[in-house]
Chemist: 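Below you will find the structure I want to go over with you.
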Number of protein chains: 2
Amino acid sequence: MFDDDLDHESGRTLSQQIADRIQKKIHSGDLPPDRAVPSESQIAQIWGVSRDTARRATRILVERGLVYTVVGKGSYVRPPEEWPR
Amino acid sequence: MFDDDLDHESGRTLSQQIADRIQKKIHSGDLPPDRAVPSESQIAQIWGVSRDTARRATRILVERGLVYTVVGKGSYVRPPEEWPR
DNA sequence: TTTCATTTGTCCGTATGTATT
DNA sequence: AAATACATACGGACAAATGAA
């Protein structure tokens, strides 16, 4: 589902690149509303980064208004009606 | 391990002199492949320079192809097969 | 009720990247 | 070259919340 590697050289940070890849899956409908996005542990596993970096990636998506987080459960895709325009 | 003082008078910069000293340890095998070289903080501590100067020293070794850097972890001795000839 | 695994929240220490003064 | 500050990243630890067994 997420297969392309991250670019450690480009100007964009690892967490930004991860957020971008997940955002594409959201906008494409691959990750529908209220569907769980990859957990921090999964992100760390998928892209081979630390949980700290995984957390940053998730927080970026929350700040972009595309994802909401529930403690103890996970982070989920926000309905498109709530996306910022 | 690194005991000789730097020369603040010579033409060579402090970072160059530090890089030279570490390079000797690499070429002598005192710092074997994939062994961590002194961190920027350690360099600053050992030779009494700023972290900025320590960074420059590490950077020089990277540019010489003797060392590779991993963000968040440190800098390490590159295997001799990868050294430029 | 208790136990357990999973997930996020928080904090720590260390290291490098970047920018400013 | 130095001093400082902040961001990004890695690794580890423990707490709190959730839900299932």
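It should be emphasised that the depicted structure is a prediction, and the values quoted were computed from it without experimental measurement. Order of the sequence lines sets the chain letters (A, B, ...), proteins ahead of strands, with each chain counted from 1.
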Chemist: CD of A:Gln42 to CE of A:Met1: how many Å apart, nearest 0.5 Å?
Modeler: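 So the gap between those two atoms works out to 10.5 Å.
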
Chemist: Return the pairing partner of D:dA1 with a 3.5 Å limit on both distances, Watson-Crick or G-U wobble; otherwise return none.
Modeler: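 Paired with no nucleotide.
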
Chemist: Without decimals, in angstroms, what is the distance between A:Leu14 CG and D:dA9 P?
Modeler: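 The distance from CG of A:Leu14 to P of D:dA9 comes to 4 Å, rounded to the nearest Å.
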
Chemist: State plainly whether the residues B:Asp52 and B:Arg56 are in salt-bridge range, i.e. N to O under 4.0 Å.
Modeler: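 The answer is yes: the pair qualifies as a salt bridge.
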
Chemist: Can you tell me how far C1' of D:dA7 sits from CZ of A:Arg59, to the nearest Å?
Modeler: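 Atom CZ in A:Arg59 sits about 10 Å away from atom C1' in D:dA7.
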
Chemist: Over how many whole Å does the gap from A:Tyr76 atom OH to D:dT18 atom P extend?
Modeler: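 Roughly 11 Å, once rounded to whole Å.
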
Chemist: Test side chain to side chain contact (heavy atoms under 4.5 Å, CB included) on A:Asp34 and A:Tyr68 and set out the steps.
Modeler: CA-CA 9 Å; A:Asp34 295 318; A:Tyr68 63 94; 2.7 Å; yes

Chemist: Ignoring hydrogens and geometry, is there a side-chain-to-backbone donor-acceptor pair from A:Arg21 to A:Asp5 under 3.5 Å?
Modeler: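 Here the side-chain-to-backbone pair exists.
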
Chemist: Quick one: is C:dT16 close enough that its OP1 or OP2 comes under 4.0 Å of any side-chain N or O from B:Ser75?
Modeler: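 The answer is yes; a side-chain N or O of B:Ser75 sits under 4.0 Å from OP1 or OP2.
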
Chemist: Let's go through B:Ile43 and B:Ile22 carefully: what are the C-alpha distance in whole Å and the side-chain angles of both, what is the deciding distance for side chain to side chain contact (heavy atoms under 4.5 Å, CB included) to 0.1 Å, and is it a yes or a no?
Modeler: CA-CA 10 Å; B:Ile43 290 175; B:Ile22 296 176; 4.0 Å; yes

Chemist: How close or far is atom C1' of D:dA16 from atom NZ of A:Lys73, stated in whole angstroms?
Modeler: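 Checked: the NZ to C1' distance equals 16 Å.
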
Chemist: How long is the straight-line distance from OG of B:Ser28 back to CD of B:Gln23, given to the nearest 0.5 Å?
Modeler: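 B:Gln23 CD to B:Ser28 OG: 11.0 Å, rounded to 0.5 Å.
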
Chemist: Of all the nucleotides listed (C:dT8, C:dG17, D:dC10), which has the minimum atom distance to the side chain of A:Val71?
Modeler: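 Among C:dT8, C:dG17, D:dC10, the one nearest the side chain of A:Val71 is C:dT8.
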
Chemist: Heavy atoms only, 4.0 Å cut-off, all strands: where does A:Ser15 land among base, sugar-phosphate and nothing?
Modeler: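 Answer is sugar-phosphate: A:Ser15 comes under 4.0 Å of backbone atoms only.
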
Chemist: Using a 4.0 Å cut-off on heavy atoms, which residues in residues 38-56 of chain A reach DNA chain D? List them by number, or say none.
Modeler: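 Per residue number, the list reads A:Val49, A:Ser50, A:Arg51, A:Asp52, A:Thr53, A:Arg56.
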
Chemist: For A:Arg12 and C:dT18, give me the distance from atom CZ to atom P, rounded to whole Å.
Modeler: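 Rounded to whole Å, this separation is 15 Å.
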
